Chemist: 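Shown below is the structure under consideration.
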Amino acid sequence: MSARGNFSSKLGFILAAAGSAVGLGNIWGFPYEVGQGGGAAFVIIYLIFCFILCYPVMVTEIAIGRKTQKNPVGAFNALGYKKWNFVGKLGLFSGVLILSFYNVIAGWAFGYIFEMVAGNFGIADQFGDYITNVFKVGAYGLVFMAVTAYVVSKGVSGGIEKAARLLMPTLIIMILIIVGYVMTLPNAIDGLKFYLIPDFSKLTPSVVYNAMGQAFFSLSLGMGALITYGSYVGKSDNIISSAAFITLTDVGIAFLAGLMIFPLIGFMSGGTMEGAGRGPGLIFVTLPQIFGEIGGTLGIATGTLFFVLLCFAALTSTVSLLEVPISYVVDEWKIKRTRASWLVALFIFIIGIPSLIGNGYSEFFSTSFTTYKDGGTDTDFLSFVAALANDTILPLGGCIIAFFAAHIWKKHNLDEELSNGAPGYKGSFIQKYLNFAIGYFAPIVLISVFILTVLFKFFGIQLI
Ligand code: PHE
């Protein structure tokens, strides 16, 4: 075992990487995107993107990591393409940005556990006051970041993998319990219809664009998180099948999150599904109202369970986000993991302070050059950072990683790495498809997404 650490088994890796993928993106982002995108039609497009576009990029990232056994910057150096290590640096930069605001939202969710336990469903109407109480939510965020740092400080198998082995199965059980329960509520069926019966007239180009962005973010791609995790994978493990399991788990849990939330909205709206398109407030505003409607011990139990599971999902993702800069400073600057974990976490927490307070003092941090999807203007700092990191840098990073692997490092080298642990890979249909996807399909789609985002979010030019 190398000094950097390793996952102890293929299952350990799959759970950790699925833990990275499954996060706020699945349980918070996915349902609200479905709600805004008009239901099942969005779901179908999302699924297609996950498998035909994201899966090949995931395989590529893991392969680059395992081949080099290095962090995202060191990986390009180790392959002999030092000039290309800017991609890794871009990833490091976006990872730090994502964690800085992601942790703020995780902190909100963490605080909600206590609100639910106390039966304070009225928090729904006070959400604005809650998030502008920066000392309170800041403290929750600090605790969340500290837990993240603790897990990462314990190392790859002793921290990251151990946490994932505990949290992922528990998360799935909790979701299944809630899904089972919400199905018994009146009008649950209307939620299911909205969620599962597609209405293709709702499928506009911007819904397709959103589905693509959602899929990419949800699978933790484009910033080297999976290069990093891939660097701890054993040479005899099968990357092709591991990546398939990771994708399936991520998609499966997003799907279950929908099965949890839309029946609740069906119940609350008396079947009209009004409120499904509420956007980001769906989880923090609408859900507590619904738990309040359920009322009593059952309302408290469901509400608490929900926010605990949301935090579990978020934690395995914040861990992976922190691991990217940690692997970098451990490999390249030779700083001890424990010390690095605490220092970098503190640094990122500080970077996140504008996102923390940018919600309350939005005029102060006004970033009027970002435009919302509905044409309004983004005025809070958190949304600005999210637009920059998630919607802009991730597709760009993914595009360059795919292009690099296919045309610079070359496909035969990628194939060589992938066939370790996957004897039937060479000559298979999967190999042919991956070569096509990595070489042409993914770079073209991703660069288009990048261009559309820049024009739209930063210049207000809406092409689709
Ligand atoms: N995939 C995570 C989510 O869905 C977020 C994430 C993005 C984690 C990029 C790591 C890297 O919440």
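Worth saying up front: this structure is predicted, and the values here are computed from it rather than measured. Sequence positions, counted from 1, serve as the residue numbers for this chain. First listed ligand is number 1; within each ligand, the first listed atom is number 1.
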Chemist: Please evaluate residues Tyr195 and Phe255 with respect to the criterion ring-ring contact (aromatic ring centres under 6.0 Å, His included), reporting the C-alpha separation (whole Å), side-chain torsions for both, the decisive distance (0.1 Å), and the verdict.
Modeler: CA-CA 10 Å; Tyr195 185 41; Phe255 187 72; 5.3 Å; yes
Chemist: Between Trp28 and Tyr32, is the gap from one ring center to the other below 6.0 Å?
Modeler: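 Centroid separation for Trp28 and Tyr32: below 6.0 Å.
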Chemist: Distance-only check: which donor-acceptor pairs under 3.5 Å involve side-chain atoms of residues 44-55, not counting sequence neighbours?
Modeler:
unit_1, atom_1, unit_2, atom_2, d
Tyr46, OH, Ser218, OG, 3.4
Tyr55, OH, Ile240, O, 2.8

Chemist: Would you check if the distance from the ring center of Tyr130 to the ring center of Phe284 is below 6.0 Å?
Modeler: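 No, ring centres 6.0 Å or more apart.
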Chemist: Verify side chain to side chain contact (heavy atoms under 4.5 Å, CB included) between Arg4 and Arg337, making sure each step is shown before the conclusion.
Modeler: CA-CA 9 Å; Arg4 303 174 74 241; Arg337 172 175 282 274; over 6 Å; no
Chemist: Identify the protein atoms, limited to N or O, that lie within less than 3.5 Å of an N or O atom of ligand 1, and list each pair with its distance to 0.1 Å.
Modeler:
unit_1, atom_1, unit_2, atom_2, d
ligand 1, 1 (N), Ser20, O, 3.3
ligand 1, 1 (N), Ala21, O, 3.0
ligand 1, 1 (N), Phe217, O, 3.0
ligand 1, 1 (N), Ser218, O, 3.0
ligand 1, 1 (N), Ser220, OG, 3.0
ligand 1, 4 (O), Ala21, O, 3.0
ligand 1, 4 (O), Gly25, N, 3.4
ligand 1, 4 (O), Asn26, OD1, 3.4
ligand 1, 12 (O), Leu24, N, 3.1
ligand 1, 12 (O), Gly25, N, 2.8
ligand 1, 12 (O), Tyr102, OH, 2.5

Chemist: Applying the side chain to side chain contact (heavy atoms under 4.5 Å, CB included) test to Ile175, which of Ile172, Ile173, Val179, Ile178 qualifies?
Modeler: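 Exactly one option meets the side chain to side chain contact (heavy atoms under 4.5 Å, CB included) with Ile175, and it is Val179.
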